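Start at 1 and go down the list; that is how both ligands and their atoms are numbered. In what follows, every heavy atom counts, from backbone to side chain, and hydrogens, waters and symmetry copies are set aside. Owing to the predicted nature of the structure, the values given are computational and were not obtained by experimental measurement. Position 1 is the first residue of the sequence, and the numbers go up from there.
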Amino acid sequence: MKPTHIEHLGIAVKNLEESIPFYENLLGTKCYNVEEVKDQRVKTAFFLVGQTKIELLESTDPEGPIGKFLEKKGEGIHHMAFAVENATEALAEAESAGMALIDKVSRKGAEGMNIGFLHPKSTHGVLIEFCSK
Ligand code: ZN
């Protein structure tokens, strides 16, 4: 389960059209990919900072996870993703260590990555994602 690095930080935003130019300016780099992830009811936009990405998340459905997050908390950091060798194995290890999971096995996320989430109730309040190629 030992992560190699922070793969990305997920930031919930109201509107990609406004937030992409802001982050391009802040980071001094262009957004290199915009992609809809239907399964999660989001549109994502990616920036690369070193080997870590910033993932902006715009909701496509108010009842989806980002739609609900924005309604409850407003814009801000939504999750942190660790790169691991194998996301499904990392989830299984986390579960056997007593952590609560959102995903028992990994599923396909943006950029073709295998992803799965731990429940924030067992991670001191942070939504943590494991991510593998
Ligand atoms: Zn993510």
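- In this structure, the side chains of Leu57 and Glu55 come closer than 4.5 Å at one or more pairs of heavy atoms.
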Discussion item. Working note: Glu95 + Lys104, criterion salt bridge (Lys or Arg N to Asp or Glu O under 4.0 Å); need CA distance, chi angles, decisive distance, verdict.
Written reply: CA-CA 8 Å; Glu95 187 172 41; Lys104 288 254 176 202; 2.5 Å; yes
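- Nearest to the Zn ion (ligand 1), among the N, O or S atoms that Glu55 has, is OE1.
- Between the NE2 atom of His8 and the NE2 atom of His79, the angle centred on the Zn ion (ligand 1) amounts to 110° when rounded to 10°.
- Side-chain atoms of Lys108 and Asn114 include a donor-acceptor pair closer than 3.5 Å.
- Taking the Zn ion (ligand 1) as reference, the nearest N/O/S atom within Glu129 carries the name OE1.
- The aromatic rings of Phe69 and His78 stand perpendicular to each other, their planes meeting at an angle above 60°, with 30° marking the opposite boundary.
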